[in-house]
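In each ligand, atom 1 is the first atom listed, and ligand 1 is the first ligand listed. Numbers here are sequence positions counted from 1.
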Amino acid sequence: MTKQSVNLVNHPLVQHKLSLMRDKDRSTKGFRELLNEIGMLLCYEVTRDLPLEMVDIETPVAAMKAPKIAGKKLTLAPILRAGVGFLDGMLALVPSARVAHIGLYRDPETLQAVEYFFKAPQDVLERIVILLDPMLATGNSACAAVSLLKSRGARDIRFVCLLAAPEGIARFQDECPDVPIWTAAIDERLNDHGYIVPGLGDAGDRMFGTR
Ligand SMILES: O=P(O)(O)OC[C@H]1O[C@H](OP(=O)(O)OP(=O)(O)O)[C@H](O)[C@@H]1O
Ligand SMILES: O=c1cc[nH]c(=O)[nH]1
Ligand SMILES: [Mg+2]
């Protein structure tokens, strides 16, 4: 199967906000607000190609045909915990989206993803699923999440992250060649503990103030 693309979102607003988030002195409040704002901007990009259909409406002045989004509806699927940081911003733009929660944490020794929760809408197979996690490091969590979604029948999946390591992109594209990626940056590498360098540290801990 041909590998889907990596879409680098280099809009100045996204890049500026990401730099603010990387700063080790950014407060928990600031970090969370920025992730939410970037979520909104990335939602704009990942939905750019949604098909439109022309429908009849009446303005106060005249009848017209106007474009509305057609076809499949959206499910937003955050990987807990850090993926939740994108959710409110995206739901502000797509308020009727359904939400699938995917509970995964990364074992600090093995770096394998450990599942602890999964709840998806019944009709997830009929929807476009936007998988959310700010960090694509080894790729283990994102691959495990795609496999859970596919086990429920999801076929049309897109992955949105904030930062990606080249190692994570390679692994994800190998295992999930049918899932395109949107990211705000591709960093240099992973360190010995599987953290993205230069990265921004542990996204979940920074967002919830747990370290
Ligand atoms: O690509 P990977 O190597 O799998 O790493 C990325 C994962 O690590 C972080 O989650 P973490 O396990 O820290 O859980 P948390 O969000 O609850 O802190 C991050 O939010 C991703 O889910
Ligand atoms: O750099 C990293 C790698 C995995 N998870 C994070 O939150 N940060
Ligand atoms: Mg974490």
>> Under 4.0 Å, heavy-atom basis, I'd like to know which part of A82 is in contact with ligand 1: side chain, backbone, both or neither.
In response: both
>> Does any part of the side chain of C161, heavy atoms only, come nearer than 4.5 Å to the side chain of M135, both counted from C-beta?
In response: no
>> Any donor-acceptor pair under 3.5 Å linking the side-chain atoms of T138 with those of R106?
In response: no
> Just which atoms of ligand 2 are under 4.0 Å from any heavy atom in G201?
Replying inline: 1 (O), 2 (C), 6 (C), 7 (O), 8 (N)
>> Quick check on contacts: which atoms of ligand 2 are under 4.0 angstrom from a heavy atom of R106?
In response: 3 (C), 4 (C)
>> Suppose we measure from atom 2 (C) of ligand 2 to each protein heavy atom; which comes out shortest, and what is that distance?
In response: Y195 CD2, 3.3 Å
>> With heavy-atom distances below 4.0 Å as the criterion, list the atoms of ligand 2 near A203.
In response: 6 (C), 7 (O)
> Given L13 and L41, is the side-chain contact (heavy atoms from CB on, under 4.5 Å) satisfied, shown in steps?
Replying inline: CA-CA 8 Å; L13 283 176; L41 296 165; 4.1 Å; yes
> So which of D133, L190, L136, L80 gets nearest to atom 21 (C) of ligand 1, if we judge by its closest heavy atom?
Replying inline: D133
>> Under 3.5 Å between any N/O of S141 and any N/O of ligand 1: does that happen in this structure?
In response: yes
>> Could you check whether R32 makes a cation-pi contact with F86, meaning its NZ or CZ is under 6.0 Å from the centre of the six-membered ring and within 45° of the ring axis?
In response: no
> Side chain of E167, backbone of L190: donor and acceptor closer than 3.5 Å?
Replying inline: yes
> Which atoms from ligand 2 have a heavy atom of G194 less than 4.0 Å away?
Replying inline: 3 (C)
> In ligand 2, which numbered atoms sit nearer than 4.0 Å to a non-hydrogen atom of A137?
Replying inline: 3 (C), 4 (C)
> For ligand 1, is L111 a contact, meaning one of its heavy atoms is under 4.0 Å away?
Replying inline: no
>> Is atom 10 (O) of ligand 1 near the protein, in the sense that some protein heavy atom lies at less than 4.0 Å from it?
In response: no
>> Can you confirm whether L162 sits close enough to L18 that some side-chain heavy atom of one is under 4.5 Å from a side-chain heavy atom of the other?
In response: yes
>> What I want to know is whether I196 and ligand 2 share at least one N or O pair that is separated by under 3.5 angstrom.
In response: yes
> For ligand 1, which atoms sit closer than 4.0 Å to a heavy atom of G204?
Replying inline: 18 (O)
> Within the side chain of R211, is there an N or O that forms a donor-acceptor pair under 3.5 Å with the backbone of R206?
Replying inline: no
> Tell me, which protein residue and heavy-atom name are nearest atom 12 (O) of ligand 1, and how many Å apart are they?
Replying inline: R106 N, 2.7 Å
> How about F159 and F172: do any of their side-chain heavy atoms sit closer than 4.5 Å?
Replying inline: yes
> Mind checking whether G139 has a heavy atom under 4.0 Å from ligand 1?
Replying inline: yes
>> If we only look closer than 2.8 Å, how many protein N, O or S atoms does the Mg ion (ligand 3) have near it?
In response: 2
> What's the shortest distance from atom 13 (O) of ligand 1 to any protein heavy atom, and which residue and atom give it?
Replying inline: D202 OD2, 3.6 Å
> Nearest heavy atom to atom 6 (C) of ligand 1: which of R171, M135, R206, R211 does it belong to?
Replying inline: M135
> Which residue holds the protein heavy atom closest to atom 3 (O) of ligand 1, what is that atom called, and what is the gap in Å?
Replying inline: T138 OG1, 2.5 Å
